[in-house]
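Written below as structure tokens is the structure these notes are about.
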Protein chains: 2
Amino acid sequence: MLRLSTKGQYGVRAMFEIAKGYPSRPTTIKEISERQEVSVAYLEQILNTLRRAGIISSVKGPGGGYLLNRPPKEISIGSILKELEGPVAITSCLDPKEGCSRVDGCVTYLLWSSLGEKIEAFLNTITLDDLLKEEATLKQTRTARSNKIRTGRKTTAVQTKNKGKGALDAAEVR
Amino acid sequence: MLRLSTKGQYGVRAMFEIAKGYPSRPTTIKEISERQEVSVAYLEQILNTLRRAGIISSVKGPGGGYLLNRPPKEISIGSILKELEGPVAITSCLDPKEGCSRVDGCVTYLLWSSLGEKIEAFLNTITLDDLLKEEATLKQTRTARSNKIRTGRKTTAVQTKNKGKGALDAAEVR
DNA sequence: TAAATAGTTTAGTGATTTTGTCAAGTATTA
DNA sequence: TAATACTTGACAAAATCACTAAACTATTTA
């Protein structure tokens, strides 16, 4: 339940690839396609939306590609998903485009709006920068994994590194 | 994005109606259908699932209907949704039935699993009892509304009443 | 014991959304 | 000016959703 569409997922992963080139190296659709295993045609659609939303810019011609308009730290996952999928609306009664006549007397209205707000708050907290840090620790883990059993829990080293708030560190996940 | 299916929504609303009859008065599908504006046939499907899951019982014959198997306080919204829609799986890679080969190296995996855990934790906190209390305060609000402008924020009276943890009170929602 | 009440079970189906592909075109730069 | 890259819009297969239909089974009360 509460499945996120592939469009949103691919969008976040594409933005992550573009963030890797920040601040100056443009990332091409082809690169993103290969690294994230998403078709070029579909990515064009997705990145087009994000460009029109002002989150990224495109540079044409050889050596061209996509660039972040702001630093990774200032681009939240929530802002990406909002452009690709619209605002979080757990139920149709919470969708600005739909609404519901029963709202006033409905006991579940508050429940869903409350959940939606929690989700949005979380997604607005996590940024592309957190994903970049996450990638770094993943690489560490991969090289150090041979003589360790993975617990699903992050290592102590990670907690030390991502000491800031908002990061996807162990304390937040477990 | 992240839309909950009507099946889950109707299920929660149906359970709320059944909870109103707790502990002894059985609620018929017809009653639920009329009060919650959901078709009888669709409710049959939904309640059947919940009955098989052991959350409710059915009593056949005249005077029959559906009953909660446990007190409203012990039935969480999360437990209802889990039966109707399966576990929270924001992405297919988190679905036990699907999985993903890229998991180990995927920077977004932790992000989605973390979000899913937060959602589940929230839904497991809210119970049918909270909805019953919510209904009571809604009734209060409705009668007291004539000389007040609704702000979308709950009144102070509500905050005082639902002082326990886990309730859908103002502090949790805003 | 029969009639009324109420729940059970299994299929099926139209509408909508998702998840893309395809093709032709436009823009930029080495 | 060739190579590279982005743009746009149409289109369609596949999946899911949101139910409906119909025949059935079980229980209780008159």
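Quick note on labels: first sequence line is chain A, next is B, and so on, each numbered from 1.
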For this session: Please state how far atom CG in A/Leu2 lies from atom P in D/dC17, giving the value in whole angstrom units.
Result: 11 Å
Seminar exercise, completed: Nearest heavy-atom contact between A/Gly8 and A/Leu81 is O-CD2, 3.6 Å
Problem set entry | Minimum heavy-atom distance A/Leu110-A/Ser113, with the two atoms named | O-OG, 3.1 Å
Exercise. Are side-chain heavy atoms of A/Arg3 and B/Ile90 found at a separation under 4.5 Å?
Worked result: no
For this session: Quick one: label B/Arg3 by what it contacts on the DNA or RNA (base, sugar-phosphate, nothing), any heavy atom closer than 4.0 Å.
Result: nothing
Exercise. Within this structure, what is the CG-to-P distance between B/Leu67 and C/dG7, rounded to whole angstrom?
Worked result: 10 Å
Exercise. Between B/Asn48 and C/dT9, does any side-chain N or O lie under 4.0 Å from OP1 or OP2?
Worked result: yes
Exercise. side-chain contact (heavy atoms from CB on, under 4.5 Å) with B/Pro72: which of B/Leu131, B/Asp130, B/Leu132, B/Ile18?
Worked result: B/Leu132
For this session: Strictly below 4.0 Å, heavy-atom distances to any atom of DNA chain D: list the hits from residues 19-30 of chain B, or just say none.
Result: none
For this session: Would you mind reading off the distance between A/Glu31 atom CD and D/dT4 atom P, rounded to a whole angstrom?
Result: 14 Å
For this session: Name every residue in residues 85-93 of chain A that has at least one heavy atom under 4.0 Å from any atom of DNA chain D, in order of residue number, or write none if there are no such residues.
Result: none
Problem set entry | Working for salt bridge (Lys or Arg N to Asp or Glu O under 4.0 Å), residues A/Glu44 and A/Arg51 | CA-CA 10 Å; A/Glu44 280 170 348; A/Arg51 185 184 51 79; over 6 Å; no
Seminar exercise, completed: Its contact letters, B for base, S for sugar-phosphate only and - for none at protein heavy atoms under 4.0 Å, make nucleotides 20-30 of chain C read BB-----SBS-
Exercise. Ion pair present between B/Glu17 and B/Arg13, side-chain N to carboxylate O less than 4.0 angstrom?
Worked result: no
Exercise. When you check the gap from the basic side-chain N to the acidic O, do B/Glu135 and B/Lys20 get nearer than 4.0 Å?
Worked result: yes
Seminar exercise, completed: Nearest heavy-atom approach of B/Ile55 to B/Ile80 is CD1-CA, 4.3 Å
Exercise. Can you find a pair of side-chain heavy atoms, one from B/Thr127 and one from B/Ile77, that are under 4.5 Å apart?
Worked result: no
Exercise. Does the side chain of B/Leu94 reach to within under 4.5 Å of the side chain of B/Tyr109, using non-hydrogen atoms?
Worked result: yes
Exercise. Between A/Tyr66 (OH) and D/dA5 (P), how many Å, whole number?
Worked result: 12 Å
Problem set entry | Atom-pair distance (CD1 on B/Ile32; C1' on C/dG7), nearest Å | 12 Å
Exercise. Taking CG from A/Leu43 and C1' from D/dC6, how many angstroms apart are they, rounded to a whole number?
Worked result: 13 Å
Exercise. Does A/Leu4 reach the side chain of B/Trp112, with side-chain heavy atoms less than 4.5 Å apart?
Worked result: yes
Exercise. What is the distance from CD1 of A/Ile46 to P of C/dT18, rounded to the nearest Å?
Worked result: 13 Å
Exercise. Any side-chain N or O of B/Arg51 under 4.0 Å from OP1/OP2 of C/dT8?
Worked result: yes
Problem set entry | Atom-pair distance (CG on A/Leu4; P on C/dT17), nearest Å | 17 Å
Problem set entry | Beyond-backbone contact of A/Ser5 with A/Glu85, side-chain heavy atoms, under 4.5 angstrom | yes
Exercise. Under 4.0 Å between a side-chain N or O of A/Ser5 and OP1 or OP2 of C/dT17?
Worked result: no
Exercise. At under 4.0 Å between heavy atoms, what does B/Gly65 touch on the DNA or RNA strands: base, sugar-phosphate, or nothing?
Worked result: sugar-phosphate
